[in-house]
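Atom set for the values below is all heavy atoms of this structure, side chains included, hydrogens, waters and symmetry mates excluded. All ligand and atom numbering here is 1-based and tracks the order in the structure.
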Amino acid sequence: MTSFREDYNNEEWPENFINNWRQPDIENFANLFQLHRFIKSLTKSGKYLEIGSGPSPIGIFSASIKFDDITLSDFSDVNIDCLKKWKTVDDLDNIRTLVQYVSALEGRDINEMNENALKSVKKISQSDLLNHQIIPNDDSKYDVISMNFVLLSACKTEEDLMKSLKNVYNKLNPGGVLYDYGAVKQQNYQVGEKTFAHYCIDSDKLVNIVEEVGFKVSSYGKFVMSVPTYFFIASC
Ligand SMILES: C[S@@+](CC[C@H](N)C(=O)[O-])C[C@H]1O[C@@H](n2cnc3c(N)ncnc32)[C@H](O)[C@@H]1O
């Protein structure tokens, strides 16, 4: 059976994900390189939210250089526990090679960058893209929201996709920016022995839906790696 939503709460998921998926490979380096470019291009600062951070803070090291008010979030409690462990124990665990890559991109010492990230992350919270508030009981709005390999993992239908994007739109301040990166044309993806659901869509169609929701897409790219991959930057 294909796993979805609650299955991200499986105790073994974080370790399986880091060991089998978030490895120092071309796909992950490409993701971190685009994130670095995105953050460098930003002229705004303010409140930054990452949705679906997963079990590690790898998605926010570049952001933490410009933003000192970052919220990490995820649907799964076991991932939240891993993020809190990083924040309290200061353990980069087995993402060190990926962090080293980001520190080289940013021209920073890895320990200095980690210390900076630890200071910049002000909140770690549960989130659900499919919930209208995204973060339960939190009405605050953000200036930048980023998602890496999350949007299409959280959706099973086009209706879910529209709903998620509308929720993100409403969570941004006017003029706020969304950065989204992921794989396309995939019906599922593998983490260890488990197969997780992934909404199958072409990136051109995805970008059309993003604009239908009300975003203005300012930058859009697609790459062919082991799977077709895209990123877009869009504002409210
Ligand atoms: C492929 S992982 C990506 C993790 C992380 N962004 C990374 O790149 O290392 C997908 C993540 O999305 C989270 N997720 C799934 N459904 C979600 C939802 N409805 N709202 C928020 N996060 C969700 C999962 O718990 C998981 O951590």
Side-chain angles (χ1 to χ4, degrees), residues 2-25 27-36 38 48-63 70-84 86 92-95 97-99 101-102 121 124-136 138 142 145-157 159-168 171 178-184 186-192 194-199 227 229-231:
T2 313
S3 304
F4 190 60
R5 280 178 83 78
E6 297 304 333
D7 300 301
Y8 285 100
N9 271 313
N10 183 300
E11 293 286 326
E12 287 158 20
W13 196 84
E15 205 178 321
N16 262 334
F17 179 71
I18 296 286
N19 292 340
N20 296 302
W21 204 96
R22 245 315 179 185
Q23 283 293 295
D25 57 25
E27 270 82 10
N28 281 306
F29 288 144
N31 165 238
L32 298 173
F33 180 69
Q34 287 304 330
L35 259 173
H36 155 79
F38 162 61
Y48 187 108
L49 168 66
E50 182 181 46
I51 302 173
S53 301
S56 88
I58 190 61
I60 56 83
F61 282 100
S62 286
I70 298 179
T71 298
L72 296 176
S73 75
D74 200 273
F75 180 78
S76 135
D77 291 336
V78 291
N79 285 337
I80 300 283
D81 289 346
C82 294
L83 294 168
K84 286 187 174 159
W86 163 73
L92 284 180
D93 207 17
N94 39 7
I95 56 163
T97 312
L98 292 173
V99 184
Y101 175 73
V102 181
V121 171
I124 297 173
S125 173
Q126 212 274 335
S127 65
D128 183 0
L129 260 177
L130 291 161
N131 178 305
H132 74 284
Q133 278 185 311
I134 297 187
I135 296 177
D138 171 49
Y142 292 82
I145 293 181
S146 67
M147 295 189 282
N148 296 289
F149 306 107
V150 174
L151 180 62
L152 301 176
S153 322
C155 299
K156 267 195 172 165
T157 60
E159 200 187 334
D160 285 349
L161 187 56
M162 293 285 282
K163 194 170 168 185
S164 297
L165 287 165
K166 277 183 192 155
N167 291 341
V168 172
K171 200 74 187 155
L178 165 66
Y179 171 85
D180 184 41
Y181 188 104
V184 272
Q186 306 300 304
Q187 275 172 344
N188 51 54
Y189 72 104
Q190 204 69 25
V191 179
K194 290 211 172 203
T195 305
F196 279 80
H198 191 271
Y199 184 57
V227 293
T229 306
Y230 73 94
F231 79 91

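Each of Ile18, Asn31, Val99, Leu92 was scored for a side-chain contact (heavy atoms from CB on, under 4.5 Å) with Ile58, with one residue passing: Val99.
At a heavy-atom distance under 4.0 Å, only backbone atoms of Ser53 (N, CA, C or O) approach ligand 1. Residue-level proximity to ligand 1 for Phe4 is absent, since no heavy atom of it falls below 4.0 angstrom. Here Phe17 has side-chain heavy atoms under 4.0 Å from ligand 1, and that is the only part of it that gets that close. Contacts between Asp128 and ligand 1, counted as non-hydrogen atom pairs separated by less than 4.0 Å, involve both the backbone and the side chain. Contacts of Tyr8 with ligand 1, taken as heavy-atom pairs under 4.0 Å, involve the side chain alone.
Between Phe231 and Tyr181, the ring-plane angle classifies as parallel under the 30° and 60° cut-offs. Aromatic ring pairs are classed by plane angle as parallel below 30°, tilted from 30° to 60° and perpendicular above 60°; the pair Phe38 and Tyr179 is parallel.
Using a 4.0 angstrom heavy-atom cutoff, Phe196 does not count as in contact with ligand 1.
Numbered from 1 in the order shown, with element, the atoms of ligand 1 that lie under 4.0 Å from a heavy atom of Ala154 read 16 (N), 17 (C), 18 (C), 19 (N). Atoms of ligand 1 lying under 4.0 Å from at least one heavy atom of Arg5, given by number and element, are 19 (N). Within ligand 1, counting atoms from 1 as listed, the ones closer than 4.0 Å to a heavy atom of Ser127 are 20 (N), 21 (C). Near Trp13, with a cut-off below 4.0 Å to any heavy atom, the atoms of ligand 1 are 2 (S), 26 (C), 27 (O).
For the pair Asn148 and ligand 1, the shortest N or O to N or O distance falls below 3.5 Å. Annotation: Arg22 places an N or O atom under 3.5 Å from an N or O atom of ligand 1; distance criterion only.
Looking only at side-chain heavy atoms (C-beta outward), Ser153 and Phe196 stay at 4.5 Å or farther from each other.
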Could you check Trp13 against Asp7 for side-chain contact (heavy atoms from CB on, under 4.5 Å), going step by step and ending with a plain yes or no?
CA-CA 8 Å; Trp13 196 84; Asp7 300 301; over 6 Å; no
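One side chain, Glu50 or Asn148, offers a donor N or O that lies under 3.5 Å from an acceptor on the other.
Counting only heavy atoms of the protein, atom 4 (C) of ligand 1 lies nearest to Gly52 O, 3.5 Å. Closest protein heavy atom to atom 20 (N) of ligand 1: Leu129 N, 3.0 Å. Looking only at heavy atoms of the protein, atom 10 (C) of ligand 1 is closest to Phe149 O, 3.5 Å. Atom 14 (N) of ligand 1 has as its closest protein heavy atom Phe75 CB, 3.9 Å. Looking only at protein heavy atoms, the nearest one to atom 25 (O) of ligand 1 is Asp74 OD1, 2.6 Å.
Remark: Asp81 engages no residue in a salt bridge (charged side-chain N to carboxylate O under 4.0 Å, His left out) (not counting sequence neighbours). Under the rule for a side chain to side chain contact (heavy atoms under 4.5 Å, CB included), the partners of Asp128 that lie at least two apart in sequence or sit in another chain are Arg5, Phe75, Leu130, Asn131.
Residue Glu12 places its CD atom among 12 or fewer non-hydrogen atoms of other residues, nucleotides or ligands, all under 6.0 Å distant. By the neighbour-count criterion of 12 heavy atoms within 6.0 Å, atom CD of Gln186 is densely surrounded, having more than that number from other residues, nucleotides or ligands.
Minimum heavy-atom separation, Ser164 to Cys155: OG-SG, 3.5 Å.
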